[in-house]
Undergrad: 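Take this structure first; my questions come after.
Chain letters run A, B, ... following the sequence lines, proteins first, then strands; residues in each count from 1.
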There are 2 protein chains.
Amino acid sequence: METAPPHDGCPVTRTLDLIGERWSLLIIRDIFYGVRRFDALQHHLGISKKVLSCRLARLLQGGILKKVPYQQKPERFEYRLTQKGRDLFPVLLTMMRWGNRWLAEKNESHLHLKHLGCGEVAEPKLVCSHCEKPLSPASVRAETSNSSG
Amino acid sequence: METAPPHDGCPVTRTLDLIGERWSLLIIRDIFYGVRRFDALQHHLGISKKVLSCRLARLLQGGILKKVPYQQKPERFEYRLTQKGRDLFPVLLTMMRWGNRWLAEKNESHLHLKHLGCGEVAEPKLVCSHCEKPLSPASVRAETSNSSG
DNA sequence: ACTGGTTAGTCTCATAAAAAAACTAACAAG
DNA sequence: CTTGTTAGTTTTTTTATGAGACTAACCAGT
């Protein structure tokens, strides 16, 4: 990768505009964990209620979360991931792998993922969906395609 | 994934503590693109100099970037990724894929990656490094291992 | 010697965002 | 009619960000 495509319109820029604020990805991670209610999120994350309510509103508006009622009188609901939100799983997984590889501290408990398919600890690996070979910075070139004008 | 491991010490939390601030990942992306100098970064990103200099200092201190001189008199250097930094490539790739899938706008140019290995547009896919099968939220369970006390 | 240009910042100040904590609201149990 | 639960909003204080002026080391031109 040697030429720099524009910053605006880059899918990474757009992604971070939506989920790049402080706490957003941690909220999404917690919902993957099954922490789905306002109070539970607030306590598990140690986030202020105001910021939590702002972030949830943004993620709802962005189509990443949806509200699902779990009781009436008073009406209460929990936050669930949409398909769009669930599709952020690879982002969290690659961050988790990176954190485990580069930021893990000795003498501390270690969070890892067990792959239920094969029973092993899953080391996520990125491959090309066409040829199934690993993707590295050197093996890939960024290209801009004009889909119309 | 149904139980919630602790927030502190989670590799995602640790990762975001280091690279989760506004601009950090965009700086790293730009350096992948080959934008390596202070001025070039500042102009390409449209970031304030103060914030850029704070972020670069943090990424240097975190071992993600290193300074490499490219001239003397006056001494000038550029910012390069260390191995630790280069290893963030999958994070950017999964974000790029997500942005392309969910945030791309019609009638706009589209940034994609060409895989030089097979010549196709690379759709990055996450697989288990053991069995090579795709990793989904349902096929994986978070587990905490105590590496000592 | 003086002016302007390049690169890489720092400093200052106005505005925006976040943390902490008090307050609201709808209901249920005792 | 008081306490508890859940889901917030409001207010105040602290911190971060953005815009822009300024510094500093050098070079090239006149």
Side-chain angles (χ1 to χ4, degrees), chain A residues 4 7-8 12-13 16-31 33-62 64-81, chain B residues 4 7-8 12-31 33-62 64-81:
Chain A
H7 167 67
D8 290 319
V12 178
T13 303
L16 289 170
D17 280 349
L18 185 51
I19 58 155
E21 287 172 301
R22 188 138 66 146
W23 297 113
S24 293
L25 268 168
L26 295 172
I27 291 169
I28 293 166
R29 175 205 64 185
D30 267 26
I31 295 179
Y33 282 163
V35 182
R36 300 191 234 267
R37 298 183 187 176
F38 190 94
D39 236 47
L41 285 166
Q42 202 236 312
H43 286 110
H44 190 250
L45 291 170
I47 183 181
S48 85
K49 292 167 161 221
K50 183 186 181 177
V51 175
L52 178 57
S53 120
C54 289
R55 291 297 174 276
L56 289 171
R58 180 128 179 76
L59 294 173
L60 285 168
Q61 169 232 299
I64 288 168
L65 301 181
K66 61 188 169 189
K67 277 171 139 178
V68 176
Y70 67 89
Q71 72 168 41
Q72 277 75 36
K73 289 194 165 240
E75 201 183 28
R76 290 289 145 74
F77 32 78
E78 45 188 33
Y79 295 90
R80 300 282 190 113
L81 291 159
Chain B
H7 168 67
D8 290 319
V12 179
T13 303
R14 276 204 276 250
T15 297
L16 289 170
D17 280 349
L18 185 51
I19 57 155
E21 287 172 301
R22 190 140 59 149
W23 297 113
S24 293
L25 268 168
L26 295 172
I27 291 168
I28 293 165
R29 176 206 62 186
D30 267 27
I31 295 179
Y33 282 163
V35 183
R36 299 191 234 269
R37 299 183 187 176
F38 191 94
D39 235 47
L41 286 166
Q42 201 236 313
H43 286 111
H44 190 249
L45 291 170
I47 184 180
S48 84
K49 293 168 161 219
K50 184 186 182 178
V51 174
L52 177 57
S53 121
C54 289
R55 291 297 174 276
L56 289 172
R58 179 127 180 76
L59 294 173
L60 284 169
Q61 170 231 300
I64 288 168
L65 300 181
K66 61 188 171 190
K67 278 172 140 178
V68 176
Y70 67 88
Q71 71 167 43
Q72 276 74 39
K73 291 197 163 238
E75 201 184 26
R76 290 290 146 76
F77 32 79
E78 44 189 33
Y79 295 91
R80 300 282 189 116
L81 291 159

Undergrad: Any idea which heavy atoms bring B/Leu45 and B/Arg29 closest together, and the distance?
TA: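 Scanning both residues, the minimum pair turns out to be CD2-NH2, 3.6 Å.
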Undergrad: Calculate, to the nearest 0.5 Å, the distance between atoms CG and CH2 belonging to B/Leu56 and B/Trp23 respectively.
TA: 12.5 Å
Undergrad: Which nucleotide wins on minimum distance to the side chain of B/Lys50, given the candidates C/dA18, D/dG18, D/dG8?
TA: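 In terms of side-chain proximity for B/Lys50, the closest of C/dA18, D/dG18, D/dG8 is D/dG18.
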Undergrad: Under 4.0 Å: is that the gap between some side-chain N or O of A/Ser48 and OP1 or OP2 of C/dA21?
TA: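 No, A/Ser48 has no side-chain N/O under 4.0 Å of OP1/OP2 on C/dA21.
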Undergrad: When you measure from the side-chain N and O atoms of B/Tyr79 to the phosphate of C/dT7, is any distance below 4.0 Å, counting only OP1 and OP2?
TA: no
Undergrad: Scan residues 37-51 of chain A for pairs that pass salt bridge (Lys or Arg N to Asp or Glu O under 4.0 Å), counting only residues two or more places apart or in two chains.
TA: A/Arg37-A/Glu78
Undergrad: Hey, which of these two, B/Lys49 or B/Arg55, hits DNA chain D nearer its 5' end, going by closest nucleotide?
TA: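 Counting from the 5' end, the first nearest nucleotide belongs to B/Arg55.
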Undergrad: Closest approach to the side chain of A/Val51, judged atom by atom: which nucleotide of D/dG8, C/dA18, D/dG18 is it?
TA: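 The answer is C/dA18, which lies nearest to the side chain.
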Undergrad: Using atom CG of A/Asp39 as one end and atom C1' of C/dC27 as the other, report the distance to the nearest whole Å.
TA: 15 Å
Undergrad: What's the shortest heavy-atom distance between B/Ile64 and B/Ile28, and which atoms?
TA: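 That closest heavy-atom pairing would be CG2-CD1, 4.0 Å.
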Undergrad: What is the distance, rounded to the nearest whole Å, between atom CD1 of B/Ile27 and atom C1' of D/dT17?
TA: 13 Å
Undergrad: Rounded to whole Å, how long is the line connecting atom CD1 of B/Ile47 with atom P of C/dT10?
TA: 13 Å
Undergrad: Using heavy atoms and a sub-4.0 Å distance, could you list which residues of residues 69-76 of chain B are near DNA chain D? By number, please.
TA: B/Lys73, B/Pro74, B/Arg76
Undergrad: For B/Leu26 and D/dT17, give me the distance from atom CG to atom P, rounded to whole Å.
TA: 13 Å
Undergrad: Roughly how far apart are A/Asp30 CG and A/Arg36 CZ, rounded to 0.5 Å?
TA: 11.5 Å
Undergrad: Could you tell me how far apart B/His43 (NE2) and C/dT6 (P) are, to the nearest whole angstrom?
TA: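 Computing the B/His43:NE2 to C/dT6:P distance gives 10 Å.
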Undergrad: Apply side-chain contact (heavy atoms from CB on, under 4.5 Å) to the pair B/Leu41 and B/Ile47, showing each step before the final yes or no.
TA: CA-CA 8 Å; B/Leu41 286 166; B/Ile47 184 180; 5.8 Å; no
Undergrad: Nearest-Å distance, CG (B/Leu65) to P (C/dA8)?
TA: 14 Å
Undergrad: Nearest nucleotide by nearest heavy atom, which residue falls closer to the 5' end of DNA chain D, A/Glu78 or A/Arg22?
TA: A/Glu78
Undergrad: Whole angstrom is fine here: how far is it from CD in A/Gln42 over to P in C/dA22?
TA: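 Atom-to-atom, A/Gln42 to C/dA22, this comes out as 14 Å.
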Undergrad: A/Trp23 side chain N/O closer than 4.0 Å to the phosphate oxygens (OP1, OP2) of C/dA17?
TA: no
Undergrad: Whole-Å distance between D/dT15 C1' and A/Glu21 CD?
TA: 16 Å
Undergrad: Any side-chain hydrogen bond (donor to acceptor under 3.5 Å, both in side chains) pairs touching residues 64-74 of chain A, not counting sequence neighbours?
TA: none
